[in-house]
Trainee: 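My structure is below; once you've seen it, I'll send some questions.
On a predicted model such as this, the values are computed, not experimentally measured, just so you know. Hydrogens, waters and symmetry mates play no part in the numbers below; they use all other heavy atoms, side chains included.
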Amino acid sequence: MSSNPVAETVASLMPRARAELTELVAFRSVADFEQFPRSESEAAANWVADALRAEGFQDVALLDTPDGTQSVYGYLPGPEGAKTVLLYAHYDVQPPLDEAGWQTPPFELTEREDGRWYGRGAADCKGGLLMHLLALRALKADGGIPVHVKFIAEGSEEQGTGGLERYAEAHPGLLDANAVVIGDAGNFRTGLPTVTATLRGMTMLRVRIDTLEGNLHSGQFGGAAPDALAALIRVLDSLRAKDGSTTIDGLTPDASWEGLAYDEEQFRKDAKVLDGVELIGDGTVADRIWARPAVTVLGIDCPPVVGATPSVQASARALVSLRVPPGIDAAEANKLLRAHIEAHTPWGARVSIEQIGQGQPFSADTTSPAYAAMAEAMAVAYPGQEMQYAGQGGSIPLCNTLASLYPHAEILLIGLSEPAAQIHAVNESVSPQELERLSITEALFLRNYAAS
């Protein structure tokens with residue numbers, strides 16, 4: 001790559017990128033303001049806005065979205081008559097989870113012996129912000145940016161609350177573009193250039209079960225008094241078959257993935273499955289994680305073991321997520337999930353269900369000119385490798401909003417969240433080599449696409 005001026009520029013910018021990513025990771029920008037101060041997210045948003053202004057972006061603005069968070073927008077004009085490309089990433093992050101499980105502080109970017117940079121958001125998706133900036137800087141240093149660039153950095157993607165989607169719908173011209181590069185996906189594995197062709201959608205419900213006016217002594221009343229926690233466990237267990245497959249009444253669980261295969265042993269390593277523990281579900285791994293619905297219990301409100309009293313529980317809650325593959329409407333899946341929970345609540349217990357978030361699945365048109373331009377770029381940035389197509393089990397609801405608002409737009413998903421990055425888990429990290437290669441890729445893509 002050293003003979004390529006763009007590659008040389010990106011390589012020279014990597015120390016600066018590390019310093020900037022260190023600053024970004026330091027913001028505890030979790031968009032759950034009951035857990036983390038709003039000021040942390042606002043500071044991260046202002047950092048992004050300042051970075052865009054420094055690169056010459058116009059109309060830089062902090063957009064107040066309907067969910068109470070801020071997205072950062074900027075516009076960088078290119079040559080007259082040029083195409084417009086929208087670059088997307090998000091600056092909000094997942095909570096660090098168990099900080100004791102981190103080998104280094106989660107909000108301090110730290111290089112470890114393996115050469116990776118560790119910190120919450122390093123890959124998902126603050127690294128994606130840096131990828132966009134590096135690509136633009138490299139082009140500016142090598143003849144200029146050949147397209148008009150719109151830049152949007154979301155502030156609540158991890159919460160699934162839909163703020164930017166609703167804002168875009170209310171301002172339909174704002175994000176219009178010929179092509180969209182979503183910097184929130186990742187290569188199938190480190191060093192294998194990959195575009196994500198499909199995304200599962202999602203629906204998320206908060207389920208509450210009530211059985212008693214108050215807790216009761218388990219010795220005096222246990223055995224006849226209906227236990228809300230036991231009822232909730234029954235409901236949650238009904239969502240899975242014996243082999244762990246998702247079983248929701250009326251929801252088809254047997255679709256197949258027709259693309260890049262995912263070796264089962266490699267998946268076990270990527271997922272860090274403990275020795276002797278079986279994978280769940282049936283079909284291929286790719287079927288299970290990219291083509292089929294998958295339910296997950298994200299949390300349960302119940303008494304902790306430490307300090308628990310001998311009581312029959314009057315009330316219990318759970319947060320339930322359902323990932324919805326392409327081909328299934330998320331709204332319909334939501335109805336089926338709600339109906340299933342209600343039908344499987346035992347003993348006449350009172351069940352209430354609250355909608356928390358929802359997003360449709362996404363499937364890209366991989367035959368478009370933008371994909372050809374990306375394939376050419378990846379072949380240069382990853383010598384000897386051809387671009388691969390993969391699915392992603394996660395959800396980016398904005399993709400469907402953009403596809404609906406701008407049916408002419410070509411949408412591509414790349415990014416730094418390859419399996420070793422362990423996004424959403426403790427010890428999240430980014431590969432600096434991947435950051436460098438994908439920044440080169442994006443710069444070359446913009447040049448190729450402008451000429452297509």
Trainee: Can you name the residues that form a side chain to side chain contact (heavy atoms under 4.5 Å, CB included) with Val273, not counting sequence neighbours?
Mentor: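 Testing Val273 for side chain to side chain contact (heavy atoms under 4.5 Å, CB included), a comparison that skips the adjacent residues, returns Arg268, Ala271, Val277, Leu279.
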
Trainee: Suppose we screen for side chain to side chain contact (heavy atoms under 4.5 Å, CB included). Which residues come up paired with Ala141, at least two apart in sequence or across chains?
Mentor: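 So Ala141 forms a side chain to side chain contact (heavy atoms under 4.5 Å, CB included) with Thr9.
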
Trainee: Write down the atom of Gly359, the atom of Ala330, and the distance for their closest heavy-atom approach.
Mentor: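 In this case the closest contact between Gly359 and Ala330 is O-CB, 3.4 Å.
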
Trainee: Checking Asp59 side chain against Gly74 main chain: does a donor-acceptor pair fall under 3.5 Å?
Mentor: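 No, because the side chain of Asp59 does not come within donor-acceptor range (under 3.5 Å) of the backbone of Gly74.
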
Trainee: What residues form a side chain to side chain contact (heavy atoms under 4.5 Å, CB included) with Asp67, not counting sequence neighbours?
Mentor: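 Once residues adjacent in sequence are excluded, the partners of Asp67 under the side chain to side chain contact (heavy atoms under 4.5 Å, CB included) criterion are Thr65, Thr69, Ser156, Thr161.
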
Trainee: With sequence neighbours excluded, give me every salt bridge (charged side-chain N to carboxylate O under 4.0 Å, His left out) pair touching residues 119-129.
Mentor: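 Salt bridge (charged side-chain N to carboxylate O under 4.0 Å, His left out) check on residues 119-129 returns Arg120-Glu428.
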
Trainee: Residues in salt bridge (charged side-chain N to carboxylate O under 4.0 Å, His left out) with Glu55, at least two apart?
Mentor: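 Once residues adjacent in sequence are excluded, the partners of Glu55 under the salt bridge (charged side-chain N to carboxylate O under 4.0 Å, His left out) criterion are Arg16, Arg137, Lys140.
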
Trainee: Check salt bridge (charged side-chain N to carboxylate O under 4.0 Å, His left out) between Glu111 and all other residues, then give those that pass, not counting sequence neighbours.
Mentor: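 If we apply the salt bridge (charged side-chain N to carboxylate O under 4.0 Å, His left out) test to Glu111, skipping adjacent residues, the hits are Arg18.
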
Trainee: Output all residues satisfying side chain to side chain contact (heavy atoms under 4.5 Å, CB included) with Asp32, sequence neighbours left out; order by chain, then residue number.
Mentor: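 Scan of Asp32 (side chain to side chain contact (heavy atoms under 4.5 Å, CB included), adjacent residues dropped) gives Val30, Glu34, Gln35, Gln159.
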
Trainee: Can you name the residues that form a salt bridge (charged side-chain N to carboxylate O under 4.0 Å, His left out) with Arg447, not counting sequence neighbours?
Mentor: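 By the salt bridge (charged side-chain N to carboxylate O under 4.0 Å, His left out) rule, Arg447 matches Asp142.
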
Trainee: Restricting to salt bridge (charged side-chain N to carboxylate O under 4.0 Å, His left out), what partner residues turn up for Arg28, sequence neighbours left out?
Mentor: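 Salt bridge (charged side-chain N to carboxylate O under 4.0 Å, His left out) list for Arg28, sorted by chain: Glu99.
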
Trainee: Sequence neighbours excluded, which residues qualify as ring-ring contact (aromatic ring centres under 6.0 Å, His included) partners of His148?
Mentor: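 For His148, no residue satisfies ring-ring contact (aromatic ring centres under 6.0 Å, His included) once neighbours in sequence are set aside.
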
Trainee: Could you tell me whether the side chain of Asn187 and the main chain of Ser417 form a donor-acceptor pair under 3.5 Å?
Mentor: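 Not at all, since once roles are kept as given, no pair shorter than 3.5 Å links the two residues.
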
Trainee: Which ring pair (Phe, Tyr, Trp, His ring centres under 6.0 Å) pairs, counting each pair once, include a residue from residues 86-107, with sequence neighbours left out?
Mentor: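 Every pair satisfying ring pair (Phe, Tyr, Trp, His ring centres under 6.0 Å) with a residue in residues 86-107: there are none.
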
Trainee: Could you list the residues that satisfy side-chain hydrogen bond (donor to acceptor under 3.5 Å, both in side chains) with Thr110, not counting sequence neighbours?
Mentor: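 side-chain hydrogen bond (donor to acceptor under 3.5 Å, both in side chains) list for Thr110, sorted by chain: empty.
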
